[in-house]
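Every number for a ligand or one of its atoms is a count from 1 in the order of the listing. Sequential numbering from 1 along the given sequence is applied to the chain's residues.
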Amino acid sequence: MPNELRQLFATILVFGNPTNPMALWDNFKAHLMEDFVHRHDDASIAKALTYSVVNEKLSEHGKTLAMFDIHLPPELGLYHEQVVIDNENEQERGEEMYKQLNENQQEAADQILALALGQSLRSGRKCFFIDGPAGTGKTFLYSTLCNILKGQGKNSIVVAWTGIAATLLPGGRTMHSQFKLPLHLYDNSTCNLNPASKEAETIREAAVIFWDEAPMAPNCALKAIDIALQDIMRSKEPFGGKIMVLGGDFRQVLPVTRFASRAALIASSLKASPLWDKFNTIRLHQNMRTGPGKQEFSQWLLCLGNGDLPSIDDEIDLPASCLTDSDLIDEVFGQEINTDNIDEVASKVILCPKNEDTLQINNKALQRIPGPEKTYTSIDKVICENGEDPSEYPEEFLYSLTPTGMPPHKLILKVGAIVMLLRNLNIKAGLCNGT
Ligand SMILES: Nc1ncnc2c1ncn2[C@@H]1O[C@H](COP(=O)(O)OP(=O)(O)OP(=O)(O)O)[C@@H](O)[C@H]1O
């Protein structure tokens, strides 16, 4: 329980904008440190440990307690609980997974392991791109390598462009949080990483940096990371000489830039970066996800991604198995949604390209869940800083807006309704944007 409270405290600080964080800390610190008091029988150590653990949770969002004006008395110092890492277990798990790798995965694993364990490759390269369509086992490969390396006492850094991809990786963090990338990236953007910081030290110690979903990143992110790593490692080698393993699938989502033209999107892709030449591409071919009877659809998706399907004016024919004449909600969820088996309900999804369609479908689907509904409404207020008349923006108008990253004005929920988060609240616990 105290650990959940510490997480809640960190979440409130990051997302709740409290007016007096210090008062909150003073009021609740006894609850936040309860388990440490029992374990160490010393209030000062318990307080210092609590401070350190909350700081660690905040660091995932690029914050510290000091930023909220919460400080420890200097005489307490910082304590960290000794975490015992069971290297043997990791090694065993890694070896077990290694035995399962298919030929392409093994080829990639062997090259990366050889480098990480001190050998050099004939190509002289230290940067790889694992190119594989969906389901070809990229994530499985990174996990295998992380476990084997951990077993050998070597740490890895595992990052992804989105929080949801980071949750699938062992110890995964978002690129922005790990490398302190600014939210809005431009060609001259740099990482906000101090070479003397603890984060920089973690990066220096890492044997390999794994970066999943790399094609989603604009190439200015790659450039910013190259500069930061050269600075941290005090080396002019690409990425400061670190072993970089990027992975992903250019057939999936590319950098998302609002209103960008096709040409601008291509120009922002990793492949357009001068650094792309430094990468050795290793291709994975075998789809490890498709079960019997699914190969045909996965093959069709691959052709779609490769641009190999016949099209007229950029329109393609969908396979008949993807079409329905009946109501889409009936087809996916049935007439009544039984919430006794939440996992089954949560495994079904209707995707819409527009928020307004999503809202309509959500409201209809919600009617199929038995039980009373509860409505939560937002409070919107107009503040005009440039002398405009606030009455020009009636509340009804504000309520009708559905800006990206904001819930609708009226959020209707029922017990058993599936809720998707819009923020990265706690990636380690799997609570992030899109889950
Ligand atoms: N060599 C393997 N042996 C057994 N199972 C595997 C192997 N490789 C991958 N898998 C399994 O196949 C599924 C797909 O693998 P994974 O998620 O790693 O693919 P991916 O390339 O990362 O997919 P995506 O691009 O969709 O993220 C997972 O369930 C994974 O556990």
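Donor-acceptor pairing under 3.5 Å is recorded for the side chains of E95 and Q91.
Relative to the six-membered ring of Y399, K410 misses at least one condition, a distance below 6.0 Å or an angle of at most 45° to the axis.
Here OG1 of T64 is found 13.5 Å from CD of E56. Values are rounded to the nearest 0.5 Å.
Of the candidates W211, F128, F239, F129, F239 is the only one forming a ring pair (Phe, Tyr, Trp, His ring centres under 6.0 Å) with F279.
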Show the distances, to 0.1 Å, for all pairs joining an N/O atom of ligand 1 and a protein N/O atom that are shorter than 3.5 Å, listing one pair per line.
from, atom 1, to, atom 2, distance (Å)
ligand 1, 1 (N), Q100, O, 2.9
ligand 1, 1 (N), Q105, OE1, 2.9
ligand 1, 8 (N), Q105, NE2, 3.2
ligand 1, 12 (O), M288, O, 3.3
ligand 1, 17 (O), R289, NH2, 3.3
ligand 1, 18 (O), T139, N, 3.1
ligand 1, 18 (O), F140, N, 2.9
ligand 1, 19 (O), G137, N, 3.1
ligand 1, 21 (O), T136, N, 3.3
ligand 1, 21 (O), G137, N, 3.1
ligand 1, 21 (O), K138, N, 3.0
ligand 1, 21 (O), K138, NZ, 2.8
ligand 1, 22 (O), T139, N, 3.1
ligand 1, 22 (O), T139, OG1, 2.6
ligand 1, 23 (O), G135, N, 2.9
ligand 1, 23 (O), R289, NH2, 3.2
ligand 1, 25 (O), K138, NZ, 2.8
ligand 1, 25 (O), Q252, NE2, 3.4
ligand 1, 26 (O), R289, NH1, 3.0
ligand 1, 26 (O), R289, NH2, 3.2

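Remark: D231 pairs with no residue by the salt bridge (charged side-chain N to carboxylate O under 4.0 Å, His left out) rule, at least two apart or across chains.
We find that D330 and K364 are not joined by a salt bridge, their nearest charged nitrogen and carboxylate oxygen being 4.0 Å or further apart.
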